[in-house]
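Chain identifiers are assigned alphabetically (A, B, ...) following the order of the sequence lines, protein sequences preceding nucleic acid strands; residue numbering begins at 1 within each chain. Computed over heavy atoms, backbone and side chain alike; hydrogens, waters and symmetry mates excluded.
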Amino acid sequence: MRVLLTSLRLQFKQSLSRSTYRFVIIIQPILNTILLYFILSNKNFVNVGEYLFVNVSVMNLWSSIVFSSLSDLTREKRMGVLGSNFASPVKFQWIYGGKVIANLILALWSFAVSYLIIQYVFDLNIVLPNVYTLITVYFLLLISFTTLSLFLSYFFLLNRQAIFWINVLEYPIYLLSGIATSIQKLPWFLQIISWLLPTKWIVGLLHQIFNAKYNILTSANVYGLLILTALYGIGIIVMNNIMERKILVEGQLEVY
Amino acid sequence: MNEYMINLDKVSRTYKEKNGTDFVALNQISLNVKKGTIHGLIGPNGAGKSTTMKILSTLLLPSSGTVTMKGIELQSNLNAVRQDINFIYGGERDLYWRLTARENLEYFSALYSLKGVEQKEKIKELLELVQLTDVANKKVETYSKGMKQRLQIARGLLNNPRILLLDEPTIGLDRQSAEEFKNIIRHLAANGTTILFTSHYLEEVEDLSDEITIISRGEIVASGTAQELRSNIGKELYVHAVVENVVNRKQAITLFSRYFGDELSVEKYVERTGNVIEMKVSLSNKKLDDVKLSSFVQNSKIREWKIGSPSLDEIYRYYTTV
Ligand SMILES: Nc1ncnc2c1ncn2[C@@H]1O[C@H](COP(=O)(O)OP(=O)(O)O)[C@@H](O)[C@H]1O
Ligand SMILES: [Mg+2]
């Protein structure tokens with residue numbers, strides 16, 4: 001636990017001193033917001049501002065997992081520090097978990113950027129739900145994204161091409177999460193895949209809470225998200241030893 | 001308890017190459033290192049030194065064989081040994097460049113459960129040891145190669161490791177720092193730390209090691225004290241000569257045997273560069289007197305030569321030349 005916090009602090013210091021990180025945290029949300037604005041602009045919504053904000057925020061979160069947390073593994077491998085983390089007596093998940101949480105906290109910045117653009121550049125009003133709901137949902141989101149990221153990290157440590165695939169899959173995943181279009185319009189097998197993405201449930205949940213006066217305890221999205229998170233969590237526990245051995249067998253901790 | 005802190009028993013490691021074939025980097029290596037001793041591992045590039053070190057550092061699992069550290073079988077007890085070992089690798093790695101030296105040491109010491117006063121003291125002590133106290137609050141990216149290597153050394157000592165694994169640890173260090181590093185290593189060994197290290201610098205290996213293992217193409221070709229390695233080759237039976245013209249193997253052998261006949265026969269020819277010849281010979285007449293030698297030198301096209309006990313350099317080349 002202490003290591004988690006130490007690792008979180010390290011990630012803060014590291015990220016904030018990296019110039020490409022500014023791209024992820026400021027430029028990326030701006031681009032995402034503009035892109036989504038044009039995709040959605042021909043549709044008629046009542047709460048278009050909120051709709052846009054929710055979808056962009058989830059995009060930003062996904063970017064933060066993909067561009068920051070997972071590509072950190074590749075970066076640390078290149079820098080030659082992955083090994084000394086992995087070979088320490090601490091379980092690697094604590095170290096990596098700290099990084100993911102740090103990135104998700106830093107992603108709050110990107111929410112703010114998107115909020116400002118939508119509110120003032122596009123001049124669309126956003127009514128925020130009450131603070132307690134927001135905090136609860138953010139907490140849920142933190143847990144589910146961290147679990148997913150930990151789950152995915154095994155594959156990143158095992159597969160040199162993982163970075164390539166996650167980039168290729170970025171936009172399809174937005175589609176599957178219901179960000180640019182409604183999931184109901186997708187073929188049934190894609191809908192089933194979308195159930196495996198926490199983003200699908202999060203998008204649904206956020207739309208509900210932004211529609212005001214919504215009691216999250218009655219939301220199927222909350223339960224969907226919790227069940228999915230638990231499944232990923234169990235996956236991590238079950239796979240942990242097997243995956244760690246596999247990583248050491250394949251010698252994937254260093255660039256060769 | 002086992003007197004060996006590190007024990008490799010028929011350890012092999014295979015890598016998958018890009019084209020899908022298997023490459024055997026280590027082939028049935030067996031090696032023992034006693035508690036509190038310094039063991040040097042030398043061999044040409046690609047011999048498998050780093051592979052051995054990575055296996056012992058728990059960064060890589062062997063394909064077969066058994067590794068035991070502090071009496072614990074490593075492969076199924078990785079976490080039981082990690083607290084007690086550490087490694088220092090050459091090259092600018094194992095550090096966060098965007099952090100300061102102090103921040104690096106704070107972070108890595110936390111991974112070994114150091115905290116509070118103990119942590120502060122340890123970091124202070126190590127910064128002093130590697131002479132980085134003055135620049136401890138500067139970012140590592142502003143450091144020279146040597147400074148980074150010194151910080152790496154401090155990192156590797158954070159947990160007071162009982163087993164220390166060093167893979168070319170003096171790379172990038174200037175002479176003085178390398179000398180200081182050797183003193184640190186000697187001091188650690190004297191206090192019971194077991195040390196296995198690789199190096200490109202043979203004099204460093206001879207200087208530091210209680211025992212030396214020579215490894216070539218994934219196999220151990222010789223192991224023992226420097227003295228033992230020497231007597232294995234045979235004392236007084238190593239020829240080192242500088243000839244006037246560049247000669248090839250055949251010419252060199254002919255040159256020598258023409259003069260000595262069957263008194264001297266070449267057992268293994270170890271070529272060096274250009275006009276330097278090295279070979280292991282056997283003598284039937286054990287007393288080749290000086291007169292005979294100097295007349296040989298005058299009559300032949302040999303400028304200087306020496307027959308005697310091989311240096312570590314020569315031992316090394318003897319074992320690693322195929
Ligand atoms: N991850 C890897 N994949 C494929 N081949 C490797 C890998 N690591 C090392 N090798 C090969 O294994 C051999 C031994 O390498 P190494 O242990 O690094 O040697 P040394 O440290 O003695 O120079 C070399 O031929 C090298 O090319
Ligand atoms: Mg090497």
Self-check item: salt_bridge(E103(B), R9(A)) N-O dist < 4.0 Å
Solution: no
Contact class of [X] relative to chain A, heavy atoms under 4.5 angstrom:
X	answer
L60(B)	both
F108(B)	side chain
S113(B)	backbone
S57(B)	backbone

List the atom of [X], the atom of [Y], and the distance in Å for their closest heavy-atom pair.
X	Y	value
S88(A)	N79(B)	O-OD1, 4.2 Å
F87(B)	A87(A)	CE2-CB, 3.8 Å
R155(B)	S84(A)	NH1-CB, 3.8 Å
L10(A)	L99(B)	CD1-CD1, 2.9 Å
Y96(B)	K99(A)	OH-NZ, 3.9 Å

Segment of [X] engaging chain B (4.5 angstrom heavy-atom cut-off):
X	value
V3(A)	side chain
N241(A)	neither
I95(A)	side chain

Self-check item: Non-hydrogen side-chain atoms of E250(A) and K16(B) separated by less than 4.5 Å
Solution: no
Quiz item: Can you check whether L78(B) reaches L248(A) side chain to side chain, under 4.5 Å on heavy atoms?
Solution: yes
Quiz item: Where the side chain of R245(A) meets the backbone of Q75(B), is there a donor-acceptor pair that is under 3.5 Å apart?
Solution: yes
Quiz item: Which is it for K54(B) and L253(A) under the side-chain contact (heavy atoms from CB on, under 4.5 Å) test, yes or no, and what are the steps along the way?
Solution: CA-CA 10 Å; K54(B) 284 179 200 162; L253(A) 292 173; over 6 Å; no
Quiz item: For the candidates Q83(B), E106(B), R82(B), which exhibits the highest count of non-hydrogen atom pairs separated by less than 4.5 Å from chain A?
Solution: R82(B)
Quiz item: In terms of heavy-atom pairs under 4.5 Å, which option from E92(B), R98(B), R13(B) contacts chain A the most?
Solution: R98(B)
Quiz prompt | Residue pair N85(A), Y107(B): steps toward the side-chain contact (heavy atoms from CB on, under 4.5 Å) verdict | solution = CA-CA 10 Å; N85(A) 280 302; Y107(B) 173 71; 2.6 Å; yes
Quiz item: Rounded to the nearest 0.5 Å, what separation is found between the CZ atom of F92(A) and the CG atom of L111(B)?
Solution: 10.5 Å
Quiz item: Looking at Q252(A), R2(A), K13(A), M79(A), which has the largest count of heavy-atom pairs under 4.5 Å with chain B?
Solution: R2(A)
